[in-house]
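The next block holds one structure in the form of structure tokens; read it before the comments.
No hydrogens, no waters, no symmetry mates; every other heavy atom, side chains included, goes into these values.
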2 protein chains.
Amino acid sequence: MKEKGYVQIYTGNGKGKTTAAIGLAVRSAGAGYKVLFAQFVKGQPYSEHKALEKFENITVKQFGRKEFIHSKPSEEDIKKAKEGYKFVYNALRNDEYDVVILDEANIAVFFKLFSDDDLIKLIEIKPEKTELVITGRYATDKLIDKADLVTEMKEIKHYYQKGVMAREGIEK
Amino acid sequence: MKEKGYVQIYTGNGKGKTTAAIGLAVRSAGAGYKVLFAQFVKGQPYSEHKALEKFENITVKQFGRKEFIHSKPSEEDIKKAKEGYKFVYNALRNDEYDVVILDEANIAVFFKLFSDDDLIKLIEIKPEKTELVITGRYATDKLIDKADLVTEMKEIKHYYQKGVMAREGIEK
């Protein structure tokens, strides 16, 4: 980044958090920035990964299992999340990226895979020029307090109410 | 689209509406869909356009002037918006795309470049399988009523309050 980097959070129960993170990755790549798109909790191969692979300056990493966590996280879930956290920690320490996106990191906190204090630690160690973007429902007040920009995606109307499931190329 | 297409709206005063639209375009392209990304009101060359051009199945069209409309739209603004509306109308009529994104179309309605009834007309004529995505602040209740999925991006905290202007590769 040419200028000071900020901390952005996308949270709330509405659609568009991960989608906005993908959009931001693409926009930043278009501007020539080096981007890390680190996805927690999720391990499924999504359409967006195939798309993001088009950009040589976007690195996509997933730190979750193929199955979503439904109630209690497995040991494998915890292991993968901790591995991801360490990867991101080192990437920030070594100033490897201009834009670092931690997709669904709030959900990882929600499931206690790591804590909001761990995320705040990342904010503290990030290089001044690095933009740090954190997404997922249930961002804690403590984390929000440390962020520069917070957007709540609020569900006003949703076709899940009509019984439509997540569709390839649209929701996943 | 393989299945029924829906009508999505991203509105509200928060960040991430256009960004989510870009993310959706990329995700859909990754799934092999043909995407139209039509941007109203704005005519500036943004980082995202350079990025979206990487995808041969995404078509980017801008129907605005280089300068944003500050108060009263010029004749040129109205002309460009109407031209864009006609383009989108024909593209839907001829079933040319799987996913049609009308970025900032709500702002075009806000500035009376066309009406919400005009947008509803597009919803009515769209092929059943086409996904139609409309973004921008100030979505009207009448339009929301016709949509399947509505997300409000709500500003909780914004660094504009700290005097940071829109930055290349992040906001534009």
**Asked** Closest heavy-atom contact between Gly16(A) and Ala20(B)?
**Response** O-CB, 4.0 Å
**Request:** Name the option with the most non-hydrogen atom pairs under 4.5 Å to chain A; the candidates are Ile22(B), Thr151(B), Thr11(B).
**Result:** Thr151(B)
**Asked** Quick one: do Ile101(A) and Tyr46(A) end up in the same hydrophobic cluster if we chain Ile, Leu, Val, Met, Phe, Trp and Tyr together by side-chain heavy atoms under 4.5 Å apart?
**Response** no
**Asked** So which of Thr19(A), Ile9(A), Val133(A) has the biggest tally of heavy-atom pairs under 4.5 Å with chain B?
**Response** Thr19(A)
**Request:** Pick one of side chain, backbone, both or neither for Lys172(A), based on which atoms fall under 4.5 Å of a heavy atom in chain B.
**Result:** backbone
**Prompt:** If you look at every heavy atom in Glu168(B) and Tyr33(A), which pair is closest and at what distance?
**Reply:** O-CE1, 3.5 Å
**Asked** How far apart are the closest heavy atoms of Lys15(A) and Met153(B), and which atoms are they?
**Response** O-CE, 4.5 Å
**Message:** Whether Glu171(A) and Arg27(B) form a salt bridge (side-chain N of Lys/Arg under 4.0 Å from carboxylate O of Asp/Glu) is what I want to check.
**Reply:** no
**Message:** Working to the nearest 0.5 angstrom, can you tell me the gap between Ile170(B) CD1 and Asp98(A) CG?
**Reply:** 8.5 Å
**Request:** Go through Gly14(B), Ser28(B), Ala29(B) and name the one with the most non-hydrogen pairs under 4.5 angstrom from chain A.
**Result:** Ser28(B)
**Side chain Lys157(B), main chain Ile144(A), donor-acceptor under 3.5 Å** = yes
**Asked** If you measure from CZ on Arg167(B) to OH on Tyr6(A), what distance do you get to the nearest 0.5 Å?
**Response** 6.5 Å
**Complete:** One option among Gly169(A), Ala51(A), Gly30(A) has the most heavy-atom pairs under 4.5 Å with chain B, and it is Gly169(A)
